[in-house]
Structure formats: structure tokens, C-alpha cells
There are 4 protein chains.
Amino acid sequence: MSHPLSVVPASEPHKRERRKEARPGELLEAALDLFVEKGYAATRAEEVAVRAGVSKGTLFLYFPSKEELFKAVVRENLARTVSEGASALEGFDGPTGDLLTHLMQQWWARYGATKASGISKLIISEASNFPELARFYQDEVVTPGTDLVRRVLQRGIDRGEFRDVDMHHTVHAVMAPLIFLVMWKHSLAPCCGAANTIDPEKFIAQHADLMVRGLLKEKEA
Amino acid sequence: MSHPLSVVPASEPHKRERRKEARPGELLEAALDLFVEKGYAATRAEEVAVRAGVSKGTLFLYFPSKEELFKAVVRENLARTVSEGASALEGFDGPTGDLLTHLMQQWWARYGATKASGISKLIISEASNFPELARFYQDEVVTPGTDLVRRVLQRGIDRGEFRDVDMHHTVHAVMAPLIFLVMWKHSLAPCCGAANTIDPEKFIAQHADLMVRGLLKEKEA
Amino acid sequence: MSHPLSVVPASEPHKRERRKEARPGELLEAALDLFVEKGYAATRAEEVAVRAGVSKGTLFLYFPSKEELFKAVVRENLARTVSEGASALEGFDGPTGDLLTHLMQQWWARYGATKASGISKLIISEASNFPELARFYQDEVVTPGTDLVRRVLQRGIDRGEFRDVDMHHTVHAVMAPLIFLVMWKHSLAPCCGAANTIDPEKFIAQHADLMVRGLLKEKEA
Amino acid sequence: MSHPLSVVPASEPHKRERRKEARPGELLEAALDLFVEKGYAATRAEEVAVRAGVSKGTLFLYFPSKEELFKAVVRENLARTVSEGASALEGFDGPTGDLLTHLMQQWWARYGATKASGISKLIISEASNFPELARFYQDEVVTPGTDLVRRVLQRGIDRGEFRDVDMHHTVHAVMAPLIFLVMWKHSLAPCCGAANTIDPEKFIAQHADLMVRGLLKEKEA
DNA sequence: AATGAATGAGTATTCATTCAT
DNA sequence: TATGAATGAATACTCATTCAT
């Protein structure tokens with residue numbers, strides 16, 4: 001792309017060095033794949049290394065233990081998620097039902113559909129073995145998520161669009177099918193064929209539609 | 001040793017024998033607890049034996065391997081669940097909304113709230129390592145479950161109570177929060193304190209209310 | 001040895017059971033040999049197991065780690081030593097020089113010449129890696145040992161046989177060649193041939209003679 | 001590159017080169033410290049490099065293996081010792097007792113008290129794993145040392161000062177406490193507090209006094 | 001010459017499984 | 001049947017050594 005006669009090779013670091021900087025990321029990606037696919041215990045450290053194209057020893061050069069690797073995978077992928085979202089709420093101007101629907105679809109597109117969503121499955125599967133991570137997930141993902149949904153519902157109520165529902169449990173009722181969808185995608189879906197296939201977009205659309213209808217104040221004559 | 005004509009009631013077997021017959025059950029129960037709590041890999045065979053009050057060797061007398069024990073735990077507890085339910089649908093006479101709500105509450109009382117619900121968590125956590133079990137679960141639980149819900153929804157539509165929704169995805173939207181609740185109970189709930197506590201009955205009530213409202217045909221003036 | 005027609009087989013425990021009770025001892029003995037011969041780090045756990053005639057796994061059935069095995073070896077062999085000795089001092093009636101000489105010879109016969117003396121070499125070699133053990137050795141062996149020698153020297157002084165020497169350093173001067181002898185036996189002696197061979201008994205005799213002569217009050221005309 | 005006839009003073013090497021020449025020495029010193037402190041096996045190559053202020057790779061530039069580094073450390077520090085001593089014997093004119101005492105004090109000041117004495121501890125600790133080094137030590141240190149002491153004792157006998165003792169074992173009786181002192185300094189002393197503290201100079205003085213008194217012919221009236 | 005990223009052989013330790021009693 | 005001592009395959013992790021830069 002640069003001019004054929006350009007004499008600027010500077011920005012091209014040595015292979016070795018580029019490698020070094022890329023390593024942790026490559027390892028985390030390989031680890032994410034395998035942990036999600038097989039679970040924490042069934043994933044061997046060497047497998048991760050091999051999939052990342054390095055040797056066993058190299059893995060332990062970057063992560064002091066399998067457990068720390070696991071934690072790093074979780075943090076890495078949660079961090080990605082946490083920061084995103086929330087901003088959509090601000091500038092939005094239409095009916096809250098549309099906002100809610102939009103947010104759910106966005107969540108799927110940006111998190112649920114990505115590899116990172118395997119993290120949710122992982123956390124839930126391994127929560128009792130890594131209580132520290134469970135709490136981390138709770139604080140960094142669950143709570144911010146519920147807060148966001150709560151604000152949206154409150155907006156609907158405040159604007160007279162939604163009924164005055166039991167906020168706490170409604171929030172979870174809104175989110176539950178999303179979590180379910182992610183779990184499903186990473187557990188039964190890959191195994192079990194056509195029969196109960198779920199189309200995520202349609203599923204979310206249907207769920208959103210039911211929720212919004214269920215939340216709306218009944219129009220009176 | 002006892003007199004050949006003794007009238008010792010047949011139904012009172014010797015302690016030993018009673019024990020013997022109870023063994024597999026005791027082992028399965030202990031195994032269920034531990035598998036649910038810690039996952040398949042993190043559960044040691046000896047732990048199961050100890051909790052069941054027998055020695056390591058005895059466990060392998062009844063189950064040829066840890067894997068078979070796991071499968072037995074799953075089958076045993078699925079069997080329990082599958083047969084129940086379904087009958088409620090027949091005799092019911094009121095509005096379908098009430099029927100749906102009733103069914104969900106029953107499901108929680110009879111399955112979700114019991115130890116056996118740990119099976120769902122187990123299956124989902126270990127699905128990729130035991131695809132055979134995942135398929136078994138799919139066939140024996142998911143499909144019958146969705147069928148049941150489908151029949152209920154169809155009843156509502158047929159009776160002109162419910163809108164004519166996308167049946168397939170609505171069925172899953174109805175069930176998703178129930179599955180979510182079970183997963184939650186067996187993963188994050190035990191770790192993470194007060195903050196996001198979910199009251200199952202209220203949660204289901206709220207979910208049911210939203211669903212039913214979302215399904216009902218809008219009353220026209 | 002027992003009467004050929006004796007019908008008393010009772011005291012002969014089953015092979016298995018006898019084994020079980022003997023195991024820890026057999027393992028400790030094998031470990032002592034290898035640790036002394038090759039040092040802590042250069043001794044592989046499996047080697048110990050094999051020499052004891054069991055498998056790797058069995059070793060860890062009796063000792064939770066290599067480090068604990070090492071500590072057990074030390075404690076086992078120190079315990080043996082500590083309790084012995086000291087009693088000789090009481091009943092003795094002759095000249096203190098003879099007592100001192102006797103004690104040194106006994107020490108060699110009962111400890112220095114046995115395999116257990118390898119422990120001293122071990123402790124000294126590994127002291128900085130196992131400070132806890134070093135302190136244990138200090139408390140259980142060095143201090144009681146020096147106390148004993150101190151009492152003997154004091155007896156000599158009190159009885160007017162010995163000069164009134166710098167007690168503290170004299171005690172160590174008495175003991176030093178004994179420790180040296182043990183170190184020598186377990187380090188250079190096995191490697192290096194005839195040249196500097198030391199005959200322990202003669203060496204101790206010579207050392208004792210020099211010490212006693214050095215301690216005695218000069219006979220005046 | 002520099003002008004062939006440049007007059008840059010030869011004795012002022014470039015920093016780099018001076019460094020380069022110093023490297024092996026710095027590495028050997030760092031290695032001595034660590035080997036003595038922690039033993040051969042417990043000392044990691046990288047630690048040595050870091051303490052010497054170079055990278056791991058550089059260590060292997062100068063020494064082909066950890067084992068060779070170890071041997072070099074031993075040889076280097078033995079060489080230092082061996083050449084010294086011996087000369088004192090020649091010019092000495094007073095009583096042999098004084099000579100012996102003087103030699104022992106000198107030995108401590110020039111070897112025992114220095115870091116190099118750690119070599120003796122090292123050799124004794126690792127003798128069985130490095131028999132070749134043990135033999136080297138035997139030839140280069142033990143034998144010359146005993147020869148020296150023997151000559152001194154012989155001088156005392158020849159001059160009618162000392163009794164005609166069992167030369168071989170007396171030589172070792174003279175040396176044993178010195179070796180002991182070095183071992184003590186590098187093993188238990190650093191771990192174990194005040195209780196059995198030994199003051200080297202006083203200890204040697206006491207030992208020398210006892211030896212000389214033990215060796216002297218009894219003065220007859 | 002110097003670096004430090006990468007390697008992989010080597011070792012402690014775990015745990016499902018077996019089997020003599 | 002029941003036991004629990006014994007086994008050994010499997011796996012995380014270390015560290016001396018190499019080599020591209």
C-alpha cells in the first residue's frame with residue numbers, strides 16, 4: 001500500500017518482537033476456545049500451547065499457572081464486554097419498547113454471538129470451583145447489566161409507557177432468556193441436531209416482543 | 001440359623017441385604033450432590049464413596065467407572081422428572097394463562113427446587129464432554145418439555161385466548177427463564193451474596209405474568 | 001523355633017497387613033539411603049519407592065510430599081539417637097578422662113557408625129534449604145549433645161582433674177572431630193581411595209587422648 | 001577501524017572489553033555465593049546470571065553447562081587456596097606449638113573466614129554427585145594440607161617438643177575442627193540463633209591450646 | 001559478544017481403577 | 001460383598017539449554 005520506493009521499514013518490528021507482543025493474546029484466544037469447548041479441567045495446558053503454536057514451556061512464560069491463565073481469559077473477555085453498551089441508552093429518543101428490543105439485539109450481536117460469550121457458560125459451569133471469578137463476574141457483568149436494564153425499565157415507567165412492575169424480578173425476567181441463549185449455544189446446541197434448533201435473532205425478537213407487550217400499559221378505550 | 005418355619009415377615013430383609021439394595025441409590029445421591037456442586041472432573045470417586053458411607057472399592061462394585069456413575073446419575077434423575085408433569089394439562093378447565101402459570105409453578109416445586117435440578121446444570125456444563133448424555137437429555141427432557149408447553153400454547157390459541165405467535169421460539173421464551181433459574185441456583189447464587197438475590201417463586205410469578213400478558217390477545221373495546 | 005506341632009498361627013498376620021505396617025519404615029529406610037547418598041534434590045521420589053519395593057503412588061500414600069518424606073526421615077533417625085546416650089554419665093565412677101573417651105567411642109559405635117549418621121551430613125548439606133529442620137536438629141541433637149559434654153567437662157573440673165577451661169568453646173572442640181568424622185565418612189571417604197583413609201576408632205582414640213591430655217591439670221612435682 | 005598507528009595506550013581497554021574480560025570472574029563469584037548458600041541443585045542458572053548482572057544466555061557463553069560452571073567455581077577457588085600457606089613454615093624459628101597455633105589462625109584468616117571457604121562445604125555436600133571434584137579436592141587441598149600439618153608435627157617431634165604420636169590420625173585430629181568450623185559457618189550458624197554461637201577465633205585458640213598441650217611432652221621434674 | 005524468547009526433557013503429584021484379603 | 005492398599009497413566013510445572021536477532 002505504501003509507496004514502492006518508500007524507505008521506511010521502521011514501523012515493521014522484528015518477527016521475534018512482534019511475536020512476543022502477540023503471544024499473550026494468541027494464548028488467551030487459544031485458551032478461550034478450549035476452555036469453552038471442553039471445560040476448565042478437561043483442557044490440558046499443552047493443548048492450549050499447541051493451538052497457539054508454541055510449546056508447553058512458553059505458555060508458562062506468560063501465565064504462571066493454568067489457573068491464572070483461566071482467570072486471565074475471563075478478565076480479558078469480560079473487560080471487552082463491560083466497557084461496551086450503556087451508551088446506547090443516552091441518545092435514544094423513541095418508545096422504550098423499541099429501546100429495550102434494540103438493546104437486546106445489540107447485546108446478541110456484540111457479545112452473545114461472539115466467542116467471548118463462552119465466558120458466561122464457563123463462569124456458570126465453574127463458579128463453585130472459582131468463587132473468586134464468580135464474584136468478579138457478578139460485579140463486572142451481572143450487576144452492570146441489571147443496572148442498565150433497570151434504567152431502561154424505569155424510563156418506560158417514568159414515561160408512562162410501562163406498568164409499575166416488580167422491578168427486581170422483571171429485570172431478571174428480561175435478561176434470563178439472553179443468558180439461556182448463550183448457555184444453549186455453548187452446550188446443547190452443538191451436540192443436538194435440527195430438532196430444537198433455535199434461531200437467536202428470531203428468539204430474541206420473540207422474547208422482546210413478549211416482554212414489551214407484557215410491560216406495556218393496557219391501552220384503554 | 002433361624003427356624004426354617006419361622007414367621008419372620010418376608011418384607012423385613014436383614015439389615016445387610018437392605019443395605020445392599022440401598023447402596024446404588026445412596027451412591028447416586030452422593031454423586032449427584034458432588035457432581036452438581038463441583039463438576040464432573042473436580043469430583044473424586046473416593047469422595048462420593050465416603051459421602052455414601054462406603055469404601056472406594058465398593059463404588060466400583062456397583063459402577064464400572066466414574067463415567068458410568070455419571071451417566072447413571074443423569075439417567076436416574078432424568079427418569080424421575082420425565083414421567084411427571086403432562087397429566088396436569090388434561091383435566092384443566094380454566095383460562096390457559098392460569099394453566100401456564102400453574103405449570104411453571106409446579107415445575108419449580110417439583111423439579112427446580114429439588115436437588116434433581118442440579119442435573120440440568122450438570123448436563124449443560126458437561127455437554128461437550130458427554131455428547132451422548134446431551135442427546136439423551138435433549139430427547140428425554142427438552143423435547144417432552146417443549147412439547148408440553150407447545151400443547152399449552154396451542155390450547156390458548158385454539159381457544160382464542162392467545163395471539164397466533166411464532167410457536168417454536170415462544171416455547172423457548174417461556175422455558176428459558178426456568179432453565180436460567182436452575183442454572184443460577186446452582187452457580188452464582190451460592191457464591192454471591194445478597195445483592196442480586198432472586199426469589200424463585202416471585203421470579204416465576206413475574207415471568208408468568210409477563211408471558212401471559214404478552215400472549216393474550218389485546219382486548220378490544 | 002516353636003514346637004513343630006504348635007497350633008498357634010494367630011500371631012502371624014496376613015502378608016498384606018504386615019506389609020502395611022512395615023511400609024512407612026521400609027520407605028523411610030530407602031529414603032535415608034538415597035538422600036544420604038545423593039542429596040535431597042538428586043533423589044527422585046520414584047527411586048525411593050522402587051528401592052522400597054513399591055510403586056510411585058504408594059510412596060505418596062504414606063507421605064504427602066517429598067519434603068515431608070525428607071522431614072520424616074530426619075525426625076525418625078534423630079529420635080532414635082536423641083533418647084540414647086546421657087545415661088552412661090550417671091553410674092560412672094572412674095576418672096573423667098576415661099568417661100569422656102568412653103562416651104566418644106560409644107557415640108561412634110551407636111550413631112556415627114550407623115546409617116543414621118548420614119542424617120547429620122544431610123542436615124548440614126541442606127540446612128539453608130530446610131531451615132526448619134536445621135533448627136529442629138539444633139534443638140534435638142546439637143544442644144542436648146553439647147549439654148552432655150558440658151556436664152562431663154564440668155565433672156572433671158569439679159573433681160579437680162581438668163583445668164578450668166573456656167567451657168563453651170572447649171565443648172565444641174571436643175565434638176568437632178566427631179562431626180567431622182561423620183561428614184568425612186559420607187562425603188570424601190567413599191570417593192577417595194586409600195591415601196587419606198581414616199580409621200574411625202583410631203581417630204577417635206587419638207582425638208580423645210589429645211583432648212584428655214590437653215584438659216588435665218599438669219601434674220606438679 | 002582506528003588508525004593503525006594510533007597511539008591509544010594499550011593498557012586502557014575499552015569499557016566493553018574490560019567488561020568482557022571481567023565476565024567469567026563476576027559469574028564465578030555470583031555462582032560461588034549461590035552454590036554455597038543453596039546447594040548445587042537448588043541454584044538456578046538464571047539466578048547466577050542475574051546476580052552477575054548479565055542475561056541467562058551470556059552465562060552459557062562462558063560456561064557450556066551448569067555442571068561446568070560448578071566445576072569452574074570449585075577449581076577457581078581451590079587454586080586460590082592451595083598456593084598460599086606452606087611458606088610460613090620455612091622461616092619460622094620458635095616453638096612448634098606456636099607455629100601450629102599460628103598456622104591455624106592464619107588458615108582461618110586467609111581461607112576459613114573468606115567466602116572461598118564455602119567451597120569446602122560445597123564439596124562435602126556434593127561429593128557423591130561429583131566424585132571427580134571430590135578427588136580433585138582431595139588431591140589439591142586435603143593432601144597438601146595434611147602434608148603441611150604433618151611436617152609441622154614432625155618438626156615438633158624432631159625437636160623433642162612433641163610426643164611421638166600416631167602421626168596420621170593426629171594430623172586429622174588437628175584439622176578436623178577447622179573443617180568443622182567451616183561447615184558450621186555455612187550450615188547451621190546462619191539458621192540458628194544465639195544459643196550455640198561459636199566465636200571462630202576463640203574456638204581456634206581453644207582448640208590450638210588443647211592440641212598443643214596434648215602434644216607436648218610432659219615436663220618432668 | 002549479548003540478549004531473552006522459546007524449547008522440551010524431566011519430576012512431583014493426583015486419582016481412577018484393580019485385586020488380594 | 002466389602003475393603004483399602006497398591007498401582008501407574010496422566011498432567012501441571014520447572015529449568016537447563018538453544019538460537020534468532
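Naming: A, B, ... by sequence-line order, numbering from 1 per chain.
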Is there a side-chain contact (heavy atoms from CB on, under 4.5 Å) between K71(A) and E132(A)? Walk through the geometry before answering. CA-CA 9 Å; K71(A) 290 180 183 172; E132(A) 176 196 341; 2.9 Å; yes

Taking OP1 and OP2 of dA2(F), is either one under 4.0 Å from a side-chain nitrogen or oxygen of Y62(B)? yes

For dA1(E), which nucleotide in any strand shown is its Watson-Crick or wobble partner with both distances under 3.5 Å? none

Are any of the side-chain nitrogens in E47(D) or K38(D) under 4.0 Å away from the carboxylate oxygens of its partner? yes

Has T58(C) got a side-chain N or O lying under 4.0 Å from the OP1 or OP2 atom of dA5(F)? no

Counting Watson-Crick and G-U wobble pairs only, both distances under 3.5 Å, name the nucleotide matched with dA2(F), or none. dT21(E)

What integer distance in Å separates F63(D):CZ from dA2(E):P? 12 Å

Ring centroid separation F130(B) to F136(B) under 6.0 Å: no

Proximity to the side chain of K66(B) - top-ranked nucleotide from dT11(F), dT17(E), dT3(F): dT17(E)

Single hit among I124(D), V73(D), L133(D) for side chain to side chain contact (heavy atoms under 4.5 Å, CB included) with I119(D): V73(D)

When rounded to whole Å, the CG to P distance for the pair L69(A) and dT11(F) reads 16 Å

Both L61(C) and E46(A) contact DNA chain F. Taking the nearest nucleotide for each, which residue is further toward the 5' end? L61(C)

Let me know the distance between CG of L59(C) and P of dT11(E), rounded to the nearest Å. 15 Å

Could you check which nucleotide pairs with dA9(E) in any of the strands shown, counting Watson-Crick or G-U wobble with both distances under 3.5 Å? dT14(F)

Which nucleotide in dA2(F), dT13(E), dT17(F) has an atom nearest any side-chain atom of K56(C): dT13(E)

Send over the distance from F70(C) CZ to dT13(E) C1', rounded to a whole Å. 19 Å

Residue closer to the 5' end of DNA chain F, G57(D) versus A41(A) (nearest nucleotide): A41(A)

Between dT7(F), dA2(F), dT18(F), which nucleotide has the shortest distance from any of its atoms to the side chain of F60(D)? dT18(F)

Of the listed nucleotides (dA5(F), dT3(F), dA12(E)), which one gets closest to any side-chain atom of S55(B)? dT3(F)

What's the closest nucleotide to the side chain of R44(B) if the choices are dT17(E), dC15(E), dA1(E)? dC15(E)

Using the closest heavy atom to pick a nucleotide of DNA chain E for each, name whichever of S65(B) or P64(C) lands nearer the 5' end. P64(C)

Check the angle between the aromatic planes of F35(D) and F70(D) and answer parallel, tilted or perpendicular using the 30° and 60° thresholds. perpendicular

